[in-house]
Structure formats: structure tokens, C-alpha cells
Number of protein chains: 2
Amino acid sequence: MDTRQLKTLLAIRSHGTFAQAADLVGLTPSAVSQQVHALEEELRVTIFDRTKRPPRITPDGLQVIEMAEDILRRAEDAKASLRGDQIAGTLMLGSVRSSALNLLPRAMVQMRGRYPDLKPSLRVSLSSTLIADVAGGRLDAAIVAEHLGIPSTLRWSPFLREPLWLIVPRSMEASDPIELLNTRPYIRFRSAVPLANLIDTELSRLGVVTNDVAEIDTIGSIVTGVRQGLGISVVPHVALQEPEDLNIMRLTFGVPQVTRQIGIVERTAAPRAEIIALLHAVLADLCGDYGVVRPIRS
Amino acid sequence: MDTRQLKTLLAIRSHGTFAQAADLVGLTPSAVSQQVHALEEELRVTIFDRTKRPPRITPDGLQVIEMAEDILRRAEDAKASLRGDQIAGTLMLGSVRSSALNLLPRAMVQMRGRYPDLKPSLRVSLSSTLIADVAGGRLDAAIVAEHLGIPSTLRWSPFLREPLWLIVPRSMEASDPIELLNTRPYIRFRSAVPLANLIDTELSRLGVVTNDVAEIDTIGSIVTGVRQGLGISVVPHVALQEPEDLNIMRLTFGVPQVTRQIGIVERTAAPRAEIIALLHAVLADLCGDYGVVRPIRS
DNA sequence: TTATTTGATTTAGCAAAACTGGATCTGATT
DNA sequence: AATCAGATCCAGTTTTGCTAAATCAAATAA
């Protein structure tokens with residue numbers, strides 16, 4: 001099995017036909033056909049269904065393509081790392097909006113001191129897009145919350161682990177959290193982000209039935225709503241950072257108290273691992289008490 | 001870059017000399033030398049230091065070897081998966097002692113129902129050994145706690161996330177957890193396992209100075225010690241499962257309450273992914289309230 | 001349906017690569 | 001210094017992989 005065969009295979013996948021792929025990799029269609037046959041022979045599997053005319057990829061073929069992507073990416077990463085690309089150049093970063101506004105700018109300043117030749121570039125987007133971009137090599141790393149369905153070629157490591165609080169206006173008399181959730185007006189955080197899902201999951205696990213008075217899609221507005229006595233809600237710790245708000249009481253949320261994590265996704269065996277490790281350390285440091293230092297890689 | 005070159009490289013590494021490696025892969029020493037040169041040419045790197053006579057592997061060479069291992073393993077996994085090995089055969093499992101005694105036997109019974117042809121084999125060992133065995137392909141998966149330094153070719157996914165409790169004899173008057181830890185006799189859990197480290201880390205993060213009266217290396221004995229009024233300690237939730245112990249009070253430990261996780265390690269792109277996913281679901285289910293369902297793989 | 005077009009495959013010939021065997025060279029060992 | 005083990009170089013040979021042109025098969029148009 002040769003990497004050229006694998007490259008050819010990916011060329012076929014992206015250009016649909018053997019002939020165009022041949023052009024792309026600088027060979028004749030004949031050679032492409034032969035390479036595919038050799039691969040099929042070696043793996044003892046039919047990659048293409050040739051009864052269709054642009055040959056269709058079989059389910060087995062998809063598995064082979066997945067392998068090809070992994071292997072080629074691994075080889076590319078190794079090459080880049082051996083060339084010593086890691087010190088200079090552009091570090092392609094992505095981030096979800098919330099972290100991009102608070103943490104990242106400060107982290108980047110610190111990084112600048114350590115690697116002056118590094119030009120960081122930042123793209124802000126949704127976590128699913130970011131994850132796909134990291135997997136595809138278009139980003140070196142991205143900052144996203146704990147997320148369902150991170151591909152196995154990626155590694156996510158948290159730098160922040162913070163608790164979620166049930167917040168209630170101080171005007172409301174104290175009581176058991178479950179009791180409060182069942183009886184008081186509740187401001188729901190309605191959004192497509194993982195945090196919303198995390199909160200809803202715990203609510204249903206606790207078996208409470210909330211009495212929704214509002215649905216809001218930004219955490220900041222929810223805090224404001226609670227402060228003004230509109231109702232109670234659940235928010236992550238960072239949302240309460242500011243001048244200790246005297247009109248809000250916080251109670252632990254969940255059993256055990258629910259925490260949410262924010263971390264960095266990167267490709268395993270990423271060539272810039274060292275820089276990303278530093279970025280991780282810087283971010284964890286900036287997060288203070290709730291920062292999470294990263295396991296030593298082996 | 002051809003897999004045969006990579007295989008040759010690994011043969012050299014394990015047999016020290018080019019000549020023996022040549023024998024192993026069924027070629028002449030000359031061919032081996034040429035393959036290595038071709039690799040070095042393609043990657044533009046010197047893999048061996050030839051001023052030493054059995055040529056010594058250079059630091060760059062080590063990186064190349066790491067890549068070779070990853071790539072060959074990935075290729076092997078793909079082949080095995082395509083051959084359809086996943087349904088029958090032996091599932092090589094490993095586990096740390098604690099889980100092996102409680103959870104695994106029950107999980108295996110349930111697995112038996114689903115895959116009757118599957119013969120599970122179980123090895124009990126320390127987590128670091130288990131992780132190395134999974135990485136080396138000697139185990140399909142292993143059950144270990146959250147662990148520092150899991151290699152990037154492996155994936156660890158938790159099926160249990162349980163809180164840690166500060167436990168005190170009921171005879172002791174109630175007080176603030178920090179206060180208790182600072183003033184009462186403390187039974188230290190002294191062991192090489194991650195759990196001990198997790199507890200100690202949080203203790204020092206809280207800034208408490210414990211007053212140790214005992215060092216014990218099994219959780220069960222610690223609970224007994226607390227029950228008899230010897231001192232206070234910190235244990236995971238499972239340790240308190242049994243008949244609700246009236247002589248023990250539990251208080252939340254850590255800010256936010258510390259949780260420890262137990263999960264399955266497996267190789268990314270493992271050929272038995274489907275079975276392991278089921279095992280994960282079964283284990284999460286057995287863990288009841290603190291079970292963690294696994295993210296959907298993509 | 002038939003004709004046409006597009007695109008994969010087959011085959012033969014050729015070029016490049018990879019391998020072998022033996023000679024040669026170089027650290028390591030005594 | 002002599003010897004040994006083992007890597008490398010080189011010439012010749014085998015194998016592999018490529019091209020080009022002919023052939024074949026599915027899709028599309030008439």
C-alpha cells in the first residue's frame with residue numbers, strides 16, 4: 001500500500017470520475033484504474049461498484065477512504081513536524097463566540113511574547129463548523145465546549161471546568177433547589193449550543209417541571225432578567241464574574257453539581273502540538289480557579 | 001511512501017540491525033538500506049546516525065517511527081474491519097481491579113445476550129499497563145479512570161461520572177468542610193492510582209492542611225475507619241452504595257464538587273468499535289444515575 | 001429501440017523502481 | 001593493528017508501474 005494510491009483514491013472521491021482524478025494526480029486513466037485494482041487486491045475488498053458508470057463507491061470503499069484520509073493526514077503532519085514548521089508561520093485558530101470575546105485576545109497577547117514570529121489568525125464560528133475545519137486541516141485548533149460527536153482523529157482537551165449555578169433573585173425566599181425549580185417562574189436558555197442541552201438534560205434528570213416565563217438565547221440577558229426578579233435560571237460561573245451582584249443568590253445546580261467544560265480541539269499528532277500545548281496552559285491560567293491543566297502527553 | 005518501507009523500519013527498530021531486519025522482512029540487507037534511504041529522501045530527514053555502527057536512530061527518526069506505527073496500525077485496523085472480524089472471535093478486555101469486581105461481570109452477561117459468539121477475555125492490571133497494551137494492540141479495550149498521558153492514538157470515553165464525598169462520623173458535630181479538613185483527624189488514601197492524586201490535588205487547591213492519622217490503600221477500609229470514628233476522609237460515591245450507613249455523614253468535597261470519571265480506552269478506528277460502543281452503553285446503564293451516555297461517533 | 005458519448009478497462013511495450021549478490025568500506029572489538 | 005560485523009555501493013536482473021491505443025460498458029440522446 002503506497003501513499004500515492006491513497007492520494008489517487010481521494011482524488012477520485014473528490015472529482016467523481018477516474019479520468020478527472022488521473023488528470024489531477026498527473027497520470028493516465030489507465031494508471032488510476034490499475035492503482036485502484038492493486039489496492040482492492042491488497043485489501044481484498046471492492047472499493048467501487050463498476051456496474052454503475054461513473055463507478056460508485058461501495059460502503060467498504062467508504063471505509064477505505066476514511067483510512068486513506070487518516071493515513072495521509074498522519075503522514076502530512078509528520079512531514080510538517082519534521083520540517084520544523086512549528087515555530088513560525090500562521091497558527092490557524094478558531095473559536096466559538098463567547099470565548100473569542102473574553103479569553104482568546106488575552107491569551108494571544110501572552111503567546112506573542114513567547115513566539116514572536118507566530119502570526120495567529122482567528123476565525124469565529126459555530127462549534128460544529130470549527131470541528132469540521134480542524135478535522136479537515138483548515139484550522140490548527142479551535143476552542144469549543146465539550147461536544148457530542150468529535151471525530152476520533154481529533155483530541156479535545158478542556159482548559160476550563162466551571163460549575164453551573166441556579167440563580168434566584170435575592171427577593172425570593174430561600175428554599176431547596178428542586179423545590180424552587182418546580183415552583184418558581186423559570187427563564188429558559190434556548191439555543192443550539194451544547195450548554196443549553198446540558199442544562200435541559202440535567203433538568204429532566206432531576207425530574208423537575210419548570211414553569212417557563214421566558215426563553216432567551218443569550219446568557220447575559222438571562223442574568224439581567226434574574227437580577228430584575230423576572231424569574232430563576234441556570235447559568236455558568238463566568239456569567240457571574242462581574243461586580244458581585246447583590247441582587248442574585250446562587251445555589252448549586254444538579255446532583256452532583258453540574259459543570260461544563262471548554263477546551264481545545266486539535267488533530268492528534270498535530271505538528272504544532274507544542275504551541276497548542278502552550279496555548280492550553282495560558283488559557284487554563286487565565287481561567288483562574290476553574291482552569292484545568294492539561295495531562296502530560298505521552 | 002510505502003507500507004513495506006515502514007514495516008522494514010519497525011523491523012530495524014526491534015532487531016537493532018539492518019541485517020537482522022532484512023532477514024525478518026525477507027529481503028537482503030542491501031534492499032533494506034535502500035528502502036531506508038528512499039524514506040529519508042522522501043521525508044528529507046536523517047533517520048539513522050551512520051557514524052555509529054549498528055546505526056543509531058536519531059531523534060527525528062523516532063518521530064518517523066512513531067508515524068510508522070500509527071499508520072501501520074491504522075491500516076491493520078482497516079483491514080481487520082473490512083474482513084468483518086468484528087462479530088465473533090475473542091474480545092480482549094482489560095480493567096482496573098475495582099471495576100473488574102463490580103461492573104464488568106454484570107456487563108459481560110448482558111453482552112453475551114447480544115453477541116453470543118463473542119468470547120470475552122479479561123485481564124486485570126494497573127491502568128498504565130492496560131493503556132500500553134491497548135496502544136500496542138494486545139487489548140481491544142480497557143476500563144480505566146481518567147488518566148494523565150493517554151496517547152493520542154487512543155480515545156478514552158467515560159461511562160461513569162460520580163461525585164466524591166467528604167465523609168465524617170456522625171458523632172462529630174457538623175461544620176464547614178474546609179474547617180473539618182483543617183482540624184479533624186484525616187485518613188489519607190495513599191495509592192498510585194489516579195483517584196488518590198485527584199483527591200490530593202483538590203486538597204492542596206483548597207489550601208487545607210490535613211492532620212493525618214492513618215494512610216490506607218483501599219477505599220473500603222477507609223470507609224470502615226470513618227464509620228468507627230477514627231477520622232474523616234474523602235471517597236467516591238460507589239464506596240457508599242451499600243446499606244445506607246447511619247454512622248456516616250457525607251458532605252460535598254471540593255469547589256465545585258469534585259467528580260471522578262471511569263471510562264473505556266480503545267484505539268481510534270478500532271475494528272471492534274461497534275461492540276465497544278455497546279459495552280459502553282451497557283456499563284453506563286449499570287451505573288444508574290451517574291452513568292454517562294457516550295457521544296455519537298462521527 | 002438505436003446511436004452516441006463518456007469514461008473505464010485491457011493489453012503490449014517500455015521505463016523506472018526495487019531487488020540481489022558480491023565487492024567494498026567503516027565502526028566496533030580484541 | 002587485526003579482525004569482525006555489518007552497512008553501503010554498484011552492476012546486473014527482476015518487478016512494478018506507467019503510457020498509449022484499442023476495446024468495452026454504462027449512460028444519455030435521438
Side-chain angles (χ1 to χ4, degrees), chain A residues 1-62 64-65 67-68 71-72 75 79, chain B residues 1-62 64-65 67-68 71-72 75 79:
Chain A
M1 180 160 44
D2 193 303
T3 51
R4 297 185 316 144
Q5 298 171 326
L6 303 181
K7 278 184 185 145
T8 301
L9 189 60
L10 296 195
I12 298 171
R13 199 238 353 216
S14 51
H15 282 71
T17 103
F18 283 28
Q20 283 181 287
D23 199 43
L24 193 74
V25 297
L27 294 176
T28 59
S30 173
V32 168
S33 176
Q34 290 170 39
Q35 285 191 347
V36 171
H37 269 114
L39 248 183
E40 290 183 316
E41 179 89 5
E42 182 175 352
L43 300 174
R44 312 198 154 281
V45 91
T46 59
I47 300 175
F48 290 98
D49 173 8
R50 287 159 170 101
T51 68
K52 301 276 180 286
R53 183 78 4 166
R56 275 276 155 269
I57 298 170
T58 63
D60 278 356
L62 283 177
V64 176
I65 282 177
M67 174 198 75
I71 288 180
L72 290 177
K79 272 187 211 163
Chain B
M1 180 162 43
D2 193 300
T3 50
R4 296 185 317 143
Q5 297 171 327
L6 302 181
K7 277 182 185 146
T8 302
L9 190 60
L10 295 194
I12 298 171
R13 198 233 359 212
S14 51
H15 282 71
T17 107
F18 283 29
Q20 283 181 285
D23 198 42
L24 194 73
V25 297
L27 292 177
T28 59
S30 176
V32 169
S33 175
Q34 289 169 42
Q35 285 191 347
V36 172
H37 269 115
L39 248 184
E40 290 183 315
E41 178 90 5
E42 182 174 352
L43 300 174
R44 310 198 154 280
V45 90
T46 59
I47 300 175
F48 290 97
D49 173 8
R50 278 137 172 126
T51 68
K52 302 279 181 283
R53 188 44 39 140
R56 275 280 153 265
I57 298 170
T58 63
D60 278 357
L62 283 177
V64 176
I65 282 177
M67 174 198 74
I71 288 179
L72 289 177
K79 271 186 210 162

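Reminder, nothing fancy here: chain letters follow the sequence lines and each chain counts from 1.
- Rounding to the nearest 0.5 Å gives a distance of 11.0 Å between OG1 of B/T28 and CG of B/D23.
- For C/dT6, its base never sits under 3.5 Å from the side chain of A/T17 at any donor and acceptor pair.
- A/R4 has no side-chain polar atom (N or O) that falls below the 4.0 Å cut-off from OP1 or OP2 of C/dA17.
- Counting non-hydrogen atoms of other residues, nucleotides and ligands closer than 6.0 Å to CG of B/D2 gives a total above 12.
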**Request:** Determine, stepwise, if the pair A/T58 / A/V64 fulfils side chain to side chain contact (heavy atoms under 4.5 Å, CB included).
**Result:** CA-CA 10 Å; A/T58 63; A/V64 176; over 6 Å; no

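- Mapping A/Q34 and A/P55 onto DNA chain C via the closest heavy atom, the residue that lands nearer the 5' end is A/P55.
- One can place CD of A/Q20 at 11 Å from C1' of C/dT6, the figure rounded to the nearest angstrom.
- With hydrogens and angles ignored, the 3.5 Å screen pairs a side-chain donor or acceptor of B/T8 with a backbone N or O of B/R4.
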**Asked** Hey, mind stepping through B/I65 and B/L9 against side chain to side chain contact (heavy atoms under 4.5 Å, CB included) and telling me if it holds?
**Response** CA-CA 7 Å; B/I65 282 177; B/L9 190 60; 3.9 Å; yes

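- Within residues 42-52 of chain B, the residues that place at least one heavy atom under 4.0 Å from DNA chain C are, in residue-number order, B/T51, B/K52.
- Toward the 5′ end of DNA chain D lies the nearest nucleotide of B/S33, the other residue of the pair B/S33 and A/P29 mapping further downstream.
- The footprint of chain A on DNA chain D, defined by a heavy-atom cutoff below 4.0 Å, extends from D/dG17 to D/dA27.
- Not counting sequence neighbours, the partners of B/R13 by the salt bridge (charged side-chain N to carboxylate O under 4.0 Å, His left out) test are B/E69.
- Between the CE atom of B/M1 and the C1' atom of C/dA18 there is a distance of 18 Å, given to the nearest Å.
- Taking atom CG on A/D23 and atom C1' on C/dG7, their separation rounds to 14 Å, with Å as the unit.
- Within 4.0 Å (heavy atoms only), B/A19 reaches sugar-phosphate atoms of the nucleic acid but no base atom.
- Separating the CG atom in A/L27 from the NZ atom in A/K7 is a distance of 12.0 Å, to the nearest 0.5 Å.
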**Request:** Determine, stepwise, if the pair A/E42 / B/K79 fulfils side chain to side chain contact (heavy atoms under 4.5 Å, CB included).
**Result:** CA-CA 9 Å; A/E42 182 175 352; B/K79 271 186 210 162; 4.1 Å; yes

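- In terms of polar N and O atoms assigned as donor or acceptor, the side chain of B/S30 never comes within less than 3.5 Å of the base of C/dG22 in a complementary pairing.
- Note that CE of A/M67 is 10.5 Å distant from CD1 of B/I71, once rounded to the nearest 0.5 Å.
- Atoms CD (B/Q35) and P (C/dT20) sit 9 Å apart, rounded to a whole Å.
- When rounded to the nearest whole Å, the span between NE2 of A/H15 and P of C/dA8 equals 13 Å.
- As rounded to whole Å, 10 Å separates atom C1' of C/dG7 from atom CZ of A/F18.
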